[in-house]
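Just below is one structure, and these are the notes that go with it.
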Amino acid sequence: MNKPLPPASTSELMTRVNDIAGLTLGEIAASYAFNTPENLLREKGWIGQLIEYVLGATAASKPEPDFEHLGIELKTLPISYSGKPLETTYVSITPLTNLHGVTWQNSVVKKKLSHVLWLPILSERDLAPTDRIIGNGFLWQPSTLQEAQLKKDWEELTEMIALGNIEQINGHFGQVLQLRPKAANSKALTQAIGPNGKEIMTLPRGYYLKTEFTRQILAEQFGAG
DNA sequence: CCGTGATCATTT
DNA sequence: AAATGATCACGG
């Protein structure tokens, strides 16, 4: 099977999304000769990469929306049998230096989350990757309230980073957006601002959406209860 | 090392 | 069980 081309329009993209709903990852992987691992221990991003391929995403490994010409970011969302998110959702790497002039409006987080294609995947751990089931994908843009929540957390976290307090931040900061390590391992280091503006080296961090936030997005789309 | 794709594993 | 911290693969 040839590599899928980028969808020409949003409606074509959503047609493809609807076409794969209900299929297992094993079924679509077989269609595209995509290797399927026994587990995700060593290929944690496999599901996202498979879906990107099948839908014709273009911006792999680039800090751009997955569908550049459509301005849409693709996020797979692992869900439980009861339809709740199983994991937080990675958004982007966290800038730790050169924060002068950075605002919510021009932030990478706002840019990334401005238009998202959520694709729930029934992904309980007792299901092998090949047996996991693709759900109903949908387009989403943050509501006024959601954006206000994101903005508040982002501004608080960014201020702490800019004031040299990165080492005080842990995963419990933020109502909907949190900061957590995002690195190869705990020995990876990157430059950051320390106390008194002194340069320090610290673990690279990423922005993540908490599960309660994505649970609400699913509830709005599919109905609570 | 950075940034993409995330989930695993341990702690609470 | 849920939340936080640690980790895996890959292209550049």
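Residue numbers begin at 1 in each chain, while the letters A, B, ... track the order of the sequences.
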Next item on the list: Return the 5'-most residue of the pair A/Tyr90, A/Asn39 with respect to DNA chain B, ranking by each residue's nearest nucleotide.
Entry: A/Tyr90
Check: Roughly how many Å is it from CD1 in A/Ile79 to C1' in B/dT7, rounded to a whole number?
Finding: 16 Å
Note to self: Using only atom types and a distance under 3.5 Å, with no angle test, would you say the side chain of A/Asp66 pairs donor to acceptor with the backbone of A/Ala57?
What the structure shows: no
Check: Atom CG of A/Leu55 to atom C1' of B/dG5: distance rounded to whole Å?
Finding: 14 Å
Checklist line | Geometric cation-pi criterion A/Lys3 and A/Tyr32, 6.0 Å radius, 45° cone | finding: no
Polar atom pairs (N or O), protein with nucleotides 10-12 of chain B, under 3.5 Å:
none

Item checked: Crowding at CD, A/Glu155 (>12 non-hydrogen neighbours, <6.0 Å) -> yes
Note to self: So if I define the base as every atom that isn't primed, P, OP1 or OP2, how would nucleotides 4-12 of chain C read as a B/S/- string at a heavy-atom cutoff under 4.0 Å?
What the structure shows: BBBBBS---
Notebook entry, point to check: Taking atom P of B/dT7 as reference, at what distance in whole Å does atom CD1 of A/Ile51 sit?
Noted result: 11 Å
Next item on the list: Step through the shown structure and confirm whether more than 12 heavy atoms of other residues, nucleotides or ligands are within 6.0 Å of CG on A/Asn185.
Entry: yes
Notebook entry, point to check: Do NZ/NE/NH1/NH2 and the carboxylate oxygens of A/Glu68 and A/Lys62 come within less than 4.0 Å?
Noted result: yes
Item checked: Spacing between A/Tyr207 atom OH and B/dC2 atom P, to the nearest angstrom -> 16 Å
Margin query: Using a strict heavy-atom distance below 4.0 Å, which residues from residues 109-135 of chain A are in contact with DNA chain B?
Written below: A/Lys112, A/Arg125
Checklist line | Pairing residues for A/Glu87 by the salt bridge (Lys or Arg N to Asp or Glu O under 4.0 Å) criterion, not counting sequence neighbours | finding: none
Check: For the pair made of CG in A/Leu50 and C1' in B/dT7, what is the distance, rounded to whole Å?
Finding: 16 Å
Next item on the list: Check the distance between C/dA1's P and A/Arg215's CZ and give it to me in whole angstrom.
Entry: 18 Å
Check: Counting any heavy atom closer than 4.0 Å, what does A/Leu189 reach on the DNA or RNA strands: base, sugar-phosphate only, or nothing?
Finding: sugar-phosphate
Notebook entry, point to check: What does the inter-axis angle of the helix from B/dC1-C/dG12 to B/dT12-C/dA1 come out as, five pairs per end, nearest 10 degrees?
Noted result: 30°
Next item on the list: Report which part of the nucleic acid A/Glu73 touches: base, sugar-phosphate, or nothing (heavy-atom distance under 4.0 Å, all strands).
Entry: sugar-phosphate
Notebook entry, point to check: Think A/Thr211 has a side-chain N or O under 4.0 angstrom from the OP1 or OP2 of C/dA3?
Noted result: yes
Next item on the list: Please test A/Thr190 against A/Arg205 for side-chain hydrogen bond (donor to acceptor under 3.5 Å, both in side chains), starting from the C-alpha separation and ending with a verdict.
Entry: CA-CA 9 Å; A/Thr190 193; A/Arg205 316 300 165 91; over 6 Å; no
Note to self: Please report the interatomic distance CD(A/Gln149) to CG(A/Leu209), rounded to the nearest 0.5 Å.
What the structure shows: 11.0 Å
Next item on the list: Report the residues that fulfil ring pair (Phe, Tyr, Trp, His ring centres under 6.0 Å) with A/Phe173, sequence neighbours left out, ordered by chain and then residue number.
Entry: none
Check: In terms of hydrophobic clustering (I, L, V, M, F, W, Y; side-chain heavy atoms under 4.5 Å; direct or indirect links), are A/Ile47 and A/Phe138 co-clustered?
Finding: no
Check: What nucleic acid atoms does A/Thr76 come within less than 4.0 Å of, heavy atoms only: base, sugar-phosphate, or nothing?
Finding: sugar-phosphate
Check: Mind checking whether A/Tyr53 and A/Leu55 sit in one hydrophobic cluster, side chains of I, L, V, M, F, W, Y counted as touching below 4.5 Å?
Finding: yes
Margin query: Rounded at 0.5 Å granularity, tell me how far OG in A/Ser11 sits from CZ in A/Arg16.
Written below: 10.5 Å
Item checked: Distance, rounded to the nearest Å, where A/Leu40 contributes CG and B/dG5 contributes C1' -> 12 Å
Notebook entry, point to check: Taking 4.0 angstrom as the limit, do A/Arg132 and A/Glu124 come out as a salt bridge?
Noted result: no
Item checked: From CA spacing to verdict: side-chain hydrogen bond (donor to acceptor under 3.5 Å, both in side chains), A/Glu220, A/Gln216 -> CA-CA 6 Å; A/Glu220 288 169 8; A/Gln216 286 182 25; over 6 Å; no
